[in-house]
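Beneath this line is the structure, given in structure tokens, with notes to follow.
Just so it is clear: chains get the letters A, B, ... in the order the sequence lines come, proteins before strands, and each one is counted from 1.
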Protein chains: 2
Amino acid sequence: MPRIVAERADVLPALGECFREHGFEGASLALIGAATGLGKGSLYHFFPGGKAEMATAVLAEIDGWFEREVFAPLRESESPAAGIARMFEATEAYFRSGRRVCLVGCFALGEVRDRFAEAVRSYFQRWVDALDLALGRAGASPDEARRHAVDVVGGIQGAIVLARALDDPEIFSGILARIRQGLMEMKTAS
Amino acid sequence: MPRIVAERADVLPALGECFREHGFEGASLALIGAATGLGKGSLYHFFPGGKAEMATAVLAEIDGWFEREVFAPLRESESPAAGIARMFEATEAYFRSGRRVCLVGCFALGEVRDRFAEAVRSYFQRWVDALDLALGRAGASPDEARRHAVDVVGGIQGAIVLARALDDPEIFSGILARIRQGLMEMKTAS
DNA sequence: GTCTATAAAGCGATAGAC
DNA sequence: GTCTATCGCTTTATAGAC
């Protein structure tokens, strides 16, 4: 007899979307209940720490996804170019051309930054570091790799902001394509 | 006999900081009262529409500041390079090296995007358009000007996100300096 | 114009039945 | 594991004194 919700991890995707759509403060337990199909009792059974624990779990799940799909390939791909290509493809798909916000970026900008500071910092630091490493392996100088890594990760976050503000997914795709092109030119220029 | 608060406009700066620090949902009337030094009665006297009207007024004030200090110089400066230089200087100062968030960008990412969609869209659209115009006047091709305008405005927003996430103001200043450098190279290359 | 008091609703969180 | 009922608090907003 299959249960709809077998374990805590099953509700994390819906939980994440709810936080993305409404923000941490805006995602009330009523909205979270509607999004997950669970009553407050069930939610507090899975997350005794309440909303804060829900957000922490969502951040950890997002972090795990990026670690697996983006950061690790950047660090470990046979060819650094392949890891970088994968980063752009995964990113474009994950953020749905800017229609889906980056919850970690939202938390960084928002009022809850201090509450989840370490998770936010670690996520972006590891992204920058992994890209830095890949660019170095691709032949960039240490300074060049570091600067470009920072610019690219920042550029992706800015692309989400601008695409949402102008309500135009092509803005996101266009910026990402040009960032990608810029990296390729850098690598061939060195 | 001087009053501390003579008119509505006098509380907008404190109101803006309160929204920046706590977000729209997070800025409760209690916090707003503390930030402005006004009781609820006075606040509703100045803003009969409540929090939504306060946020609208703050957005309008921010919009006016950027229109005056950034967009208009970009459009009207004798030399486009001077307008662009002024944009970077005003932006660096206004966002305090990324320690101060862009409220319009926050609203774009956050749950209140739809509520203030038109103000958010107009702010970013006019920024991009003004920079587009300046780059065109500086000698860039229409395509080149458009693309760079989008990339620069997005890049600035991303720099704020990343600087806040990594809690490192130098990230913001570094990204802005490289964006600025990139524009100068583009103009001399054409 | 500024205040306090208060209304009505919604909030996160808990308790306890099943 | 899931639910409903409820607690205690905070919220936005209003009313009315001064």
Give the rounded distance in Å between these two atoms: [atom1] of [X] and [atom2] of [N].
X     : N      : atom1 : atom2 : answer
A/H22 : C/dG10 : NE2   : P     : 16 Å
A/L43 : C/dA13 : CG    : P     : 11 Å
A/L38 : D/dT4  : CG    : P     : 12 Å

A/A14 meets the side chain to side chain contact (heavy atoms under 4.5 Å, CB included) criterion, sequence neighbours left out, with A/T36
Taken in chain and number order and not counting sequence neighbours, the residues that satisfy side chain to side chain contact (heavy atoms under 4.5 Å, CB included) with A/A90 are A/W65, A/V70
Per-helix bend value, the helix from C/dG1-D/dC18 to C/dC18-D/dG1, C1' rotation axes over five pairs per end, 10° rounding, shows 0°
The complete set of side chain to side chain donor-acceptor pair (under 3.5 Å) pairs with one or both residues in residues 48-57 of chain A, sequence neighbours excluded, reads A/R8-A/E53
Quick note, side chain to side chain donor-acceptor pair (under 3.5 Å) partners involving residues 122-134 of chain A, not counting sequence neighbours, are A/D63-A/R126, A/E67-A/R126, A/S122-A/R126, A/Q125-A/D129, A/D129-A/R146, A/D132-A/R146
Residues at least two apart in sequence or cross-chain that pass ring pair (Phe, Tyr, Trp, His ring centres under 6.0 Å) with B/F19, listed by chain then number, are B/F24
In 5'-to-3' order, the base (B), backbone-only (S) or no-contact (-) status of each nucleotide in nucleotides 12-18 of chain D, using a 4.0 angstrom heavy-atom cut-off, is BBB----
**Message:** Strictly below 4.0 Å: does A/H45 bring a side-chain N or O up to OP1 or OP2 of D/dG1?
**Reply:** yes
In short, B/L59 meets B/V104 closest at the heavy-atom pair CD2-CG2, 4.1 Å
Hits for salt bridge (Lys or Arg N to Asp or Glu O under 4.0 Å) against B/E17, two or more places apart or cross-chain, chain-then-number order -> B/R20, B/R100
So salt bridge (Lys or Arg N to Asp or Glu O under 4.0 Å) across residues 162-179 of chain B, not counting sequence neighbours, yields A/R113-B/D167, A/D151-B/R178
